[in-house]
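We count ligands from 1, going down the list as the structure has it; atoms in each ligand are counted the same way.
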Amino acid sequence: MSKEAKLELDGKTFSFPTVEGSEGEKAVDISSLRADTGYITLDDGYGNTGSCVSKITFIDGDKGILRYRGIPIEELAEKSNFIEVAYLIIYGNLPNRAQIENFSGLLTEHSFLHEDMKFHFEGFPAGGHPMAILSAMINAASCFDEELMHWQWGKVKQFDVYVAKLISQVRTIAAYSYRKAHGLPLIYPKKAYKYTENFLHMLFSSPYEDYEIKPEVVKALDLIFLLHADHEQNCSTSTVRMVASSQANLFASASAGVCALWGPLHGGANQAVIEMLQEIHKTGDDGSKFVAAAKDKNSGKKLMGFGHRVYKNYDPRAKIIKQACDEVLSKLQINDPLLDIAKHLEAAALKDSYFVERKLYPNVDFYSGIIMRALGIPMEMFPVIFAIGRMPGWIANYKEIMEDPKSRINRPRQIYIGRTLNSYVPLDDRK
Ligand code: ACO
């Protein structure tokens with residue numbers, strides 16, 4: 001029998017059931033709280049609120065554990081690749097040979113955008129941020145598909161096709177948004193290339209000459225996608241679930257995820273880290289002055305790429321990325337002064353009592369930007385790379401609530417602290 005939680009309020013005792021997850025995570029189920037007591041819970045920033053039960057990703061932030069469908073991230077990073085992991089996250093199991101061939105075939109088949117979408121790209125100004133273009137174009141893609149426009153849960157016949165379309169086309173849109181921002185002609189995907197190779201091709205080839213695809217570059221970028229593939233109920237995934245809960249279509253929900261991801265406290269942090277490192281480099285600081293400023297709440301500065309709502313230990317993805325960063329820079333024979341500054345910053349922060357007491361460690365964004373710089377990816381594309389990587393996680397979460405017969409629209413409550421009853425004052429009588 002599950003334990004019960006007791007709550008004393010206004011002289012009465014109320015009981016609530018508890019829930020335990022497969023890894024021993026515990027929750028008090030307060031779904032009847034308001035009906036029973038008239039109270040709601042208040043949890044600014046949702047630090048203590050479980051918004052759902054989920055089978056996709058497990059994180060133990062105190063121990064620095066991350067697993068997709070039970071498989072440790074370290075194992076997947078070493079042995080798998082982004083597309084296999086995307087399948088695992090979305091469908092729950094590693095694909096067998098027939099399943100992966102079918103999935104890859106669907107990705108290839110659906111990699112082209114509707115040709116008329118090219119006109120939409122033309123409407124964006126040069127220099128427009130690719131995250132704005134990405135979210136707009138993912139949403140706009142609904143206009144070119146009858147079923148997306150008239151999406152009805154339970155009646156969608158080929159959800160797998162929409163999964164493949166979204167994973168494949170986000171990469172095409174991302175590459176086009178970069179080409180558009182730089183005034184370059186658009187490059188179409190090629191059947192011969194695998195997922196990550198094709199992205200590099202669409203990003204960097206010219207109509208005259210194909211970009212030289214180096215295996216170490218493909219490996220590093222594929223790893224970045226894989227490490228970002230899911231991260232349970234983070235800001236953008238919760239946004240996708242929130243939008244999906246209204247039964248909006250898959251593309252509309254994913255487009256909202258891109259908007260949430262853009263912020264510098266979330267997926268925009270990889271860009272913010274490089275901007276911070278560049279600023280430190282420009283001022284000739286070895287990082288010490290910046291660490292001091294990051295501790296001062298009045299300075300307006302934070303050590304970007306440090307800290308996490310869930311990890312109170314080293315982010316396991318940051319460990320993998322740090323090692324990959326050293327490897328790829330050495331293979332490409334790149335000596336980036338920003339890497340030295342980053343390492344210096346990390347060492348200084350990890351022995352500083354401010355960061356130690358608050359359990360602030362490097363997160364996934366701390367080193368990923370340095371790798372992307374080394375691969376020649378421009379800074380404004382960093383959050384876009386994150387969005388491509390996160391797409392399987394958003395889709396899996398979308399699918400999870402779509403398949404849950406008990407799912408209901410997400411609609412939190414609030415405690416109102418504004419004025420009490422007030423009257424309308426005619427314009428001439430106002431002060
Ligand atoms: N630099 C300096 N101080 C920090 C930092 C930081 N990067 N992060 C947290 N702190 C401080 C806070 O000011 C707070 O101090 P206080 O207790 O004296 O008030 C304390 O550490 C606890 O931090 P919270 O604000 O409670 O952390 P929260 O969980 O709300 O925020 C977040 C997490 C947004 C990631 C935060 O650590 C941050 O802004 N980091 C920098 C941005 C970043 O790297 N974002 C990427 C996150 S990972 C991802 O989305 C992929």
Looking only at protein heavy atoms, which one is nearest to atom 9 (C) of ligand 1, and what is the separation?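 Its nearest protein heavy-atom neighbour is Leu360 CD2, 3.5 Å.
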Return a yes/no value for Lys312: is any of its N or O atoms, backbone included, closer than 3.5 angstrom to an N or O of ligand 1?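 Looking only at distances, the answer is no, because the N/O contact criterion of under 3.5 Å is not met.
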Check each atom of ligand 1 against the heavy atoms of Arg309 and keep those under 4.0 Å away; list them by number with element.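 It comes down to these atoms of ligand 1: 28 (P), 29 (O), 30 (O), 33 (C).
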Which ligand 1 atoms, with their elements, are less than 4.0 angstrom from a heavy-atom of Ala269?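 Near Ala269, the atoms of ligand 1 are 43 (C), 44 (O), 45 (N), 46 (C).
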Check this for me, if you would: do [X] and [Y] make a salt bridge, where the nitrogen-to-carboxylate-oxygen distance has to be below 4.0 angstrom?
X	Y	result
Lys301	Glu279	yes
Lys406	Asp404	no
Glu74	Lys319	no

Taking the cut-offs as 6.0 angstrom to the six-membered ring centre and 45 degrees off its axis, would you call Arg358 and Tyr354 a cation-pi pair?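 The answer is yes, since Arg358 meets both limits relative to Tyr354.
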Check each of Ala294, Gly307, Gly263 against atom 2 (C) of ligand 1 and report the one with the nearest heavy atom.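 When every heavy atom of Ala294, Gly307, Gly263 is considered, Ala294 comes closest to atom 2 (C) of ligand 1.
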Can you tell me which portion of [X] lies within the under-4.0 Å heavy-atom range of ligand 1? Options are side chain, backbone, both, or neither.
X	result
Lys297	side chain
Asp365	side chain
Tyr354	side chain

